[in-house]
Amino acid sequence: MKTLRTIATVRQSLAGRGRVGLVPTMGAFHEGHLALFRAAREECETVVVSLFVNPAQFAANEDLSRYPRDETRDAELAEEAGVDILLVPSAEEMYPDGYATWVDVEEIGAEGAARPGHFRGVATVCLKLFNIVQPQVAYFGQKDAQQAVLLLRMIRDLNVDLDLRIVPTVRDVDGLALSSRNAYLSERERRQALALPRALEAGRAANVEDSDPVAAVRGALNGLEPDYVELLDLDGIKILAAAARVGSTRLIDNVVLEGDLK
Ligand code: AMP
């Protein structure tokens, strides 16, 4: 595996590399990331993982400065998963002085409303990475379902020639969705956080019984403060999504109620 830090070297080394799969990440790898790397490894000749803690998707009051970073460990895990190129661009090259162009996908639901500017930063960095790497396929996690939906809209609306693959959420044995932000949780908070996946499962059960899944989630959060509980309907795919704070950590999760997010 090669670690590359400039756009020019990535472009050089990708010339003639067959079917290229890109996995955009912010690092602090866990099994959720590794599932995306393995999916890309199965389907593509060349697997590129980008590692960039994108300042444009953090609001001023969010956790950019304390976001977990461990490039050495990440490089080892990526290499073990069969990644060919780890792209670690600099913020200076991604957003040079005078940077002025943003991608704003409208109508993006409760997660977008809860984090103003967040999805603008996500859409912009992803389009930049798509232009830099020019992959045939890009891999994203169902864990960030609203992000996946937003990117599906962006590639449709802007005619980006790319297939998106959405990989199912990887969870710990007790059901908590793996997230780089779980590292912020104390032992007690880690236990409290379990209410989020459990409440979503209660929502799923309510939906099966034809009662209100959103009310069921709210009723089962066991004292966790929800930012929102939302039923998203994306062209027939129904996703029940929620965000909640556990101490100072904000966690998101979702379950698919109907259809297949792929
Ligand atoms: P991040 O590094 O948090 O920006 O995540 C990079 C990619 O990994 C995104 O497409 C996420 O949706 C995906 N991802 C994060 N956590 C999980 C998980 N538990 N299961 C599956 N994919 C995940």
Side-chain angles (χ1 to χ4, degrees), residues 21-42 47-58 62-64 66-71 73-75 77-78 81 83 86-89 91 94 108-109 111-112 115 118-130 133 135 137-152 154-155 162-185 190 193-194 196-197 200 232 239 241-243 249-256 260-262:
L22 170 67
V23 188
T25 81
M26 300 206 300
F29 296 155
H30 50 63
E31 281 294 326
H33 297 105
L34 301 187
L36 305 189
F37 304 168
R38 292 183 193 121
R41 182 69 284 163
E42 275 186 17
V47 177
V48 181
V49 169
S50 61
L51 192 176
F52 181 58
V53 183
N54 175 32
Q57 70 190 67
F58 290 79
E62 292 184 342
D63 56 345
L64 175 63
R66 70 166 185 148
Y67 196 83
R69 291 170 172 84
D70 190 346
E71 188 191 313
R73 178 175 173 276
D74 285 348
L77 291 172
V83 172
L86 185 65
L87 163 59
V88 190
M94 290 297 273
I108 45 180
E111 180 67 10
R115 299 184 68 187
H118 170 65
F119 279 137
R120 183 179 90 143
V122 170
T124 301
V125 83
C126 285
L127 187 61
K128 286 170 68 68
L129 291 166
F130 297 160
V133 174
V137 200
Y139 296 81
F140 292 89
Q142 185 207 312
K143 160 79 172 29
D144 299 277
Q146 292 104 322
Q147 167 175 286
V149 167
L150 163 110
L151 294 171
L152 284 166
M154 180 186 81
I155 65 169
L162 174 72
D163 282 337
L164 284 201
R165 296 267 195 280
I166 313 300
V167 176
T169 304
V170 179
R171 297 177 181 280
D172 243 329
V173 279
D174 57 8
L176 187 68
L178 296 183
S179 164
S180 306
R181 290 191 166 95
N182 292 354
Y184 301 149
L185 300 172
R190 173 74 185 62
L194 276 182
L196 182 57
L200 286 165
L232 292 158
I239 298 171
T249 306
R250 183 175 183 277
L251 299 178
I252 61 171
D253 199 352
N254 67 83
V255 291
V256 177
D260 209 353
L261 188 70
K262 269 204 197 128

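Side chains included, hydrogens not; waters and symmetry mates left out as well; all remaining heavy atoms used. Numbering of ligands and ligand atoms starts at 1, following listing order. The residues of the chain are indexed from 1 along the displayed sequence. As the structure is a prediction and not an experimental result, all values here were calculated from the model.
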Per-pair distances, ligand 1 N/O vs protein N/O, less than 3.5 Å:
{"from": "ligand 1", "atom 1": "2 (O)", "to": "M26", "atom 2": "N", "distance (Å)": "2.9"}
{"from": "ligand 1", "atom 1": "2 (O)", "to": "H33", "atom 2": "NE2", "distance (Å)": "2.8"}
{"from": "ligand 1", "atom 1": "10 (O)", "to": "G141", "atom 2": "N", "distance (Å)": "2.9"}
{"from": "ligand 1", "atom 1": "12 (O)", "to": "G141", "atom 2": "N", "distance (Å)": "3.2"}
{"from": "ligand 1", "atom 1": "12 (O)", "to": "G141", "atom 2": "O", "distance (Å)": "3.3"}
{"from": "ligand 1", "atom 1": "12 (O)", "to": "D144", "atom 2": "OD2", "distance (Å)": "2.6"}
{"from": "ligand 1", "atom 1": "16 (N)", "to": "L178", "atom 2": "O", "distance (Å)": "3.4"}
{"from": "ligand 1", "atom 1": "19 (N)", "to": "V170", "atom 2": "O", "distance (Å)": "2.9"}
{"from": "ligand 1", "atom 1": "19 (N)", "to": "L178", "atom 2": "O", "distance (Å)": "2.8"}
{"from": "ligand 1", "atom 1": "20 (N)", "to": "V170", "atom 2": "N", "distance (Å)": "2.8"}

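No donor-acceptor pair under 3.5 Å is formed between the side chain of D70 and the backbone N or O of A28. Side-chain atoms of R73 come within 3.5 Å of backbone atoms of F29 as a donor-acceptor pair (strictly under, hydrogens ignored).
Checked against ring pair (Phe, Tyr, Trp, His ring centres under 6.0 Å), F119 has no partners two or more places apart in sequence or in another chain.
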What pairs of donor and acceptor atoms, side-chain ones from residues 144-151 against any protein atom, are under 3.5 angstrom apart with sequence neighbours left out?
{"from": "Q146", "atom 1": "NE2", "to": "Y228", "atom 2": "OH", "distance (Å)": "3.0"}

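The stretch residues 23-40 participates, sequence neighbours left out, in these salt bridge (Lys or Arg N to Asp or Glu O under 4.0 Å) pairs: E31-R38.
Between atom OG1 of residue T169 and atom CD of residue Q142 there is a gap of 4.0 Å, rounded to the nearest 0.5 Å.
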